[in-house]
Amino acid sequence: MGLLRPAVEDVKARHPEPVMVDAGSGNAYLGFVLYELYLKDAAGGSLVSVEGRPELTERAKGRAERLGFSRMRFQTAHIDQAEYPERIHLLMALHACDTATDDALIAAVRHGADHVAVVPCCQAEVAAQLKEQRKAVHGSMGLLYAHPWHRREFGSHLTNVIRALTLESFGYQVTVTELTGWEHSLKNELILGRRVHRDNRRARLQLERLLAETGVNPKLTRELGVKPSASVGELPPVEAEEAVASADVTPSVES
């Protein structure tokens with residue numbers, strides 16, 4: 001909650017009816033705590049929990065009724081098949097496995113989320129792609145993931161680098177940090193994003209180049225239409241890119 005507080009306070013300050021989404025909510029404990037701390041006594045705002053297992057949805061519904069949390073809504077659906085509000089102000093996904101975290105990020109980008117907070121879990125898709133194309137890699141790069149253990153670890157790290165860079169390319173200012181101490185969870189990487197402009201051309205070119213050089217193309221980039229670079233050109237200067245970023249602040253962030 002401490003890590004989410006800046007995002008929650010920001011959307012509450014700028015939107016009279018902030019919409020928050022907990023994607024892959026499980027028992028919805030995260031949503032209940034957030035509602036108790038930030039929405040229960042607020043004049044407006046709602047929290048939508050999306051969970052694919054109906055028994056968990058029904059249990060959470062009953063708990064919300066007993067607590068009188070009337071602005072909590074529950075939907076039984078997988079993250080990639082849910083019906084999201086047209087506008088999302090904050091989207092969270094705690095330990096959504098493998099490509100489910102990608103599905104949450106896709107929903108955030110497509111629905112213009114002001115803030116994103118995800119803790120990925122069990123990344124497998126990119127590791128499988130690395131295995132398929134490892135013999136085509138020239139030089140020593142393939143040695144980083146020649147062994148299955150290294151491939152799994154390298155694939156997880158590469159997956160999250162791609163996720164952070166994808167958010168940046170779609171206009172988010174990204175921070176990657178630790179959720180909690182490693183003694184509590186090995187799935188501990190927290191990716192925070194705050195939308196500050198329409199897009200970031202430099203980050204997009206870096207992402208396209210990374211996909212080309214590693215030979216992977218995960219669900220997140222496929223669904224959002226990002227393709228590996230066909231050629232390696234010069235990246236725009238950082239100063240020029242920062243000027244473009246400041247000029248491209250999206251008015252809809254305030255809407």
Side-chain angles (χ1 to χ4, degrees), residues 1-122 179-181 184-185 187-195 252-255:
M1 288 301 107
L3 292 165
L4 284 176
R5 178 178 292 138
V8 176
E9 291 180 346
D10 178 60
V11 297
K12 284 181 64 181
R14 294 191 294 109
H15 306 287
E17 293 288 342
V19 177
M20 306 179 195
V21 173
D22 184 8
S25 58
N27 284 296
Y29 296 146
L30 175 63
F32 279 107
V33 174
L34 189 147
Y35 193 100
E36 169 73 26
L37 292 177
Y38 299 112
L39 291 179
K40 184 176 71 171
D41 299 322
S46 60
L47 192 144
V48 180
S49 293
V50 176
E51 169 56 45
R53 291 163 288 184
E55 67 276 13
L56 298 188
T57 304
E58 291 306 313
R59 189 183 306 161
K61 278 183 181 178
R63 186 180 299 115
E65 289 172 2
R66 291 194 300 274
L67 293 170
F69 289 3
S70 59
R71 285 175 282 121
M72 284 190 80
R73 303 200 301 273
F74 301 90
Q75 185 178 159
T76 301
H78 294 295
I79 299 175
D80 61 342
Q81 298 172 348
E83 295 182 5
Y84 293 97
E86 183 178 346
R87 181 76 161 87
I88 296 172
H89 299 109
L90 166 63
L91 185 138
M92 308 162 287
L94 179 60
H95 293 155
C97 281
D98 198 19
T99 58
T101 294
D102 289 340
D103 294 328
L105 293 176
I106 291 164
V109 170
R110 288 178 173 170
H111 293 270
D114 295 1
H115 293 269
V116 181
V118 298
V119 179
C121 185
C122 307
L179 174 67
T180 186
H184 299 297
S185 173
K187 301 300 181 180
N188 199 30
E189 186 171 337
L190 172 63
I191 301 174
L192 295 167
R194 178 177 182 267
R195 191 160 63 102
S252 64
V253 170
E254 302 295 336
S255 63

Please check if the side chain of [X] supplies one atom and the backbone of [Y] the other of a donor-acceptor pair under 3.5 Å.
{"X": "Tyr35", "Y": "Arg71", "result": "yes"}
{"X": "Arg63", "Y": "Asn27", "result": "yes"}
{"X": "Arg194", "Y": "Ala7", "result": "no"}
{"X": "Glu51", "Y": "Arg53", "result": "yes"}
{"X": "Thr101", "Y": "Ala96", "result": "yes"}

For this session: Could you please spell out the steps behind the side-chain contact (heavy atoms from CB on, under 4.5 Å) verdict for Val116 and Ile191?
Result: CA-CA 8 Å; Val116 181; Ile191 301 174; over 6 Å; no

Exercise. What's the verdict on side-chain contact (heavy atoms from CB on, under 4.5 Å) for His115 and Asp10, showing C-alpha distance, side-chain angles and the deciding distance?
Worked result: CA-CA 9 Å; His115 293 269; Asp10 178 60; 2.7 Å; yes

Problem set entry | Any donor-acceptor N or O pair under 3.5 Å, side chains His78, Asp103 |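 No, Asp103 and His78 have no side-chain donor paired with an acceptor closer than 3.5 Å.
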
Exercise. Do you see a donor-acceptor pair shorter than 3.5 Å between the side chains of His15 and Asp114?
Worked result: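 Yes - a donor-acceptor pair under 3.5 Å links their side chains.
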
Distance in Å, [X] [atom1] paired with [Y] [atom2], rounded so as to fall on 0.5 Å steps:
{"X": "Leu4", "Y": "Leu192", "atom1": "CG", "atom2": "CG", "answer": "7.0 Å"}
{"X": "Asp102", "Y": "Asp80", "atom1": "CG", "atom2": "CG", "answer": "10.5 Å"}
{"X": "Arg5", "Y": "Glu9", "atom1": "CZ", "atom2": "CD", "answer": "6.0 Å"}
{"X": "Asp98", "Y": "Cys122", "atom1": "CG", "atom2": "SG", "answer": "8.0 Å"}

Side-chain contact test, heavy atoms from C-beta onward, threshold under 4.5 Å: evaluate it for [X] versus [Y] and give yes or no.
{"X": "Leu47", "Y": "Leu39", "result": "yes"}
{"X": "Met72", "Y": "Ser46", "result": "no"}
{"X": "Leu30", "Y": "Ser25", "result": "no"}
{"X": "Pro85", "Y": "Val48", "result": "yes"}
{"X": "Met20", "Y": "Leu34", "result": "yes"}
{"X": "Leu90", "Y": "Val8", "result": "yes"}
{"X": "Leu3", "Y": "Leu190", "result": "yes"}
{"X": "Gln75", "Y": "Tyr84", "result": "no"}

Problem set entry | CD (Glu55) with more than 12 external heavy atoms under 6.0 Å |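 Yes.
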
Exercise. CD of Gln81: more than 12 outside heavy atoms within 6.0 angstrom?
Worked result: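 Atom CD in Gln81 is crowded, with more than 12 foreign heavy atoms closer than 6.0 Å.
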
Considering non-hydrogen atoms only, spot the tightest contact between [X] and [Y] and give its length.
{"X": "Met1", "Y": "Tyr38", "value": "O-OH, 3.5 Å"}
{"X": "Ala64", "Y": "Phe74", "value": "CB-CE1, 3.6 Å"}
{"X": "Arg87", "Y": "Val19", "value": "O-CB, 3.7 Å"}
{"X": "Val50", "Y": "Ala82", "value": "CG1-CB, 3.7 Å"}
{"X": "Ile79", "Y": "Ala100", "value": "CD1-O, 3.7 Å"}
{"X": "Ala107", "Y": "Ile88", "value": "O-CD1, 4.5 Å"}

